[in-house]
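We name chains A, B, ... by the order of the sequence lines, and we start the count at 1 in each one.
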Amino acid sequence: MDGRARAKGRCPGAEVGADARERKVCRREERGYTVRGAMKSPAKLRSALKRALLAWYGRGGNGGRPARAARDLPWRRTSDPYAIWVSETMLQQTRAATVVPYWERFLRELPTVQTLAEAAESQVLALWSGLGYYRRARMLHAAARRVVALHGGGLPRDREALSSLEGVGAYTVGAIASIAFKERVAAVDGNVSRVLARIAAIEDDVTSARGKALVQAEADALAAIDEGDPGDWTQALMELGALVCAPRQPRCGSCPARAWCRAFARGGVDYASTLPRKAPKREKAVVERVAIVLHTGTAVVLARRRALTLYGGLWEVPTAPRSAKRRLAKGLGVNLTALDVAGEVVHILSHRRMHVQVLRGSVSPQCLAKCRPAEDRLADGVEAVGAEYDALDLVPYGDLPTRAHASLTRKVLDVANLHREPLF
DNA sequence: AACGCGGGGCC
DNA sequence: GGCCCAGCGTT
């Protein structure tokens with residue numbers, strides 16, 4: 001990019017003072033486009049790498065050739081940009097195998113961007129329940145409403161317009177543009193960045209700006225020379241990362257890109273698996289909380305979390321910091337002494353570790369008086385439950401599966417053991 | 001650039 | 001029990 005381009009130890013020629021030709025050759029080697037002993041032109045090598053990967057991925061069925069490696073994922077059977085958009089949103093930080101049933105149910109219930117735009121947020125969240133990162137659902141919902149309002153219901157092809165949609169970041173723009181609209185755009189997700197970091201043997205911390213820039217440039221360059229379906233190229237790279245170039249134990253022995261992989265050339269699978277360099281792990285904070293399960297024998301009291309908080313908009317058994325146990329009970333209209341300890345739940349999140357003590361008791365008339373229908377926000381007395389909730393409701397056991405909830409609630413109700421049969 | 005945000009599969 | 005996943009928005 002400029003004369004300051006710092007060089008790794010293996011490329012002294014890139015230091016200030018080296019001539020432009022040496023710098024260029026060095027850059028090629030850093031990017032892994034050279035094969036030992038064969039100084040072909042980079043374009044040829046990239047083209048060969050591309051062909052090898054696409055053949056491995058297997059676009060469409062083709063008799064005689066080995067079976068395609070691509071998984072038969074349901075969103076690969078549609079060309080509907082809306083369906084692809086939903087899949088890409090669900091796939092953010094979520095494994096494909098996990099997404100499949102959620103995506104099928106979501107598309108069945110809300111098959112078009114119009115139906116999503118008109119749906120109640122509670123329905124959208126219920127369809128998302130269990131998938132995690134619920135902000136994705138709220139942003140998808142909001143974005144669908146704007147798409148209908150601004151673009152007449154069709155997802156815009158324009159990348160700027162796509163990028164302005166809630167929840168659609170750099171990766172998702174690339175994914176939608178290349179897969180749904182067949183544009184030659186890079187989509188760099190965790191898989192692609194890992195694959196490219198290994199092919200190019202990038203030893204910088206992958207989270208550093210330098211590393212990101214290199215990886216991004218790599219993706220752009222590789223995508224730009226593709227002659228086939230841009231969506232196939234995007235997905236071939238990701239599929240390689242998911243199935244072969246795995247984070248921990250890459251299967252270099254069966255990798256179609258092995259001949260172009262600088263990391264493999266440098267140190268085989270043992271070295272390749274050390275890339276990209278991992279960031280040091282942070283310690284998870286432990287949070288001590290309490291949950292109060294109030295029930296009638298056929299129904300249980302749930303509270304809806306305020307928007308913009310953890311689990312925002314979802315229903316759960318009312319909880320509070322352990323230190324606010326008395327205040328939570330009082331807010332729910334029950335006496336702490338009337339509750340018994342049912343057990344404790346440990347819930348691990350990406351950034352914290354929750355220890356939830358589970359208390360159990362019967363619904364009091366005072367509590368019943370505070371319960372309101374689900375759509376009635378800010379009911380009287382709810383404030384006393386704490387700043388975390390904006391509604392209370394008495395929910396029959398049979399209605400639990402249709403309520404948007406976090407998996408923590410399943411665990412809490414399981415420990416409370418209200419019912420012989422599973423409640424969910 | 002670092003952090004908040006979920007949940008589950010796999011070692 | 002830790003790691004990581006078809007990331008995004010905020011600060």
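Judged by distance alone, with hydrogens and angles left aside, A:Thr94 brings a side-chain donor or acceptor within reach of the base of B:dG6, the pair sitting under 3.5 Å.
Distance from the side chain of A:Arg135 is smallest for C:dG9 among the nucleotides C:dA6, C:dG9, B:dG7. Of all nucleotides listed (C:dC5, B:dG6, C:dA6), C:dA6 comes nearest to the side chain of A:Gln235. In this structure, the nucleotide among C:dC8, B:dG6, B:dG9 sitting nearest to the side chain of A:Gln92 is C:dC8. Distances from the side chain of A:Glu88 to the nucleotides B:dG4, C:dA6, C:dG9 place C:dA6 closest. Residue A:Leu91 has its side chain nearest to C:dA6 when only B:dG4, C:dA6, C:dC8 are considered. Counting only heavy atoms from C-beta on, A:Pro247 has its side chain closest to C:dC4 among B:dC5, C:dA6, C:dC4. The nucleotide whose nearest atom lies closest to any side-chain atom of A:Arg248 is, among C:dA6, C:dG2, B:dG7, C:dG2. For A:Arg95, the side-chain atoms get nearest to B:dG8 when compared with the rest of B:dG8, B:dC5, B:dG7. Side chain of A:Ala242, nearest nucleotide from B:dG7, C:dA6, C:dG7: C:dA6.
A:Met354 places its CE atom 10 Å from the P atom of B:dC5, with the value rounded to the nearest Å. Atom CD of A:Gln93 is separated from atom P of C:dG9 by 13 Å (rounded to the nearest Å). Atom-to-atom, OH of A:Tyr134 to C1' of B:dG4 comes out at 15 Å; the value is rounded to the nearest Å. Taking atom CZ on A:Arg138 and atom C1' on C:dG9, their separation rounds to 12 Å, with Å as the unit. What separates CZ of A:Arg136 from P of C:dG9 is a distance of 13 Å, to the nearest Å.
In this structure, A:Leu328 CG and A:Tyr389 OH are separated by 7.0 Å, a value rounded to the nearest 0.5 Å.
When each of A:Gln249 and A:His347 is assigned the nucleotide of DNA chain B with its nearest heavy atom, A:His347 is the one assigned upstream, toward the 5' end.
In this structure, A:Trp103 reaches neither bases nor backbone, as no heavy-atom distance under 4.0 Å exists between it and the strands shown. At the heavy-atom level, A:Gly241 lies nowhere under 4.0 Å from the strands shown. As judged by a 4.0 angstrom heavy-atom cut-off over every strand, A:Thr172 is placed among residues touching the sugar-phosphate backbone only.
Note on ring orientation: taking the six-membered ring where Trp is involved, the planes of A:Tyr311 and A:Tyr134 are tilted (angle from 30° to 60°).
Between A:Glu203 and A:Arg266, at least one side-chain N (NZ, or NE/NH1/NH2) sits under 4.0 Å from a carboxylate O, which counts as a salt bridge.
Between the A:Arg68 side chain and the A:Gly58 main chain, a donor and an acceptor come within less than 3.5 Å of each other.
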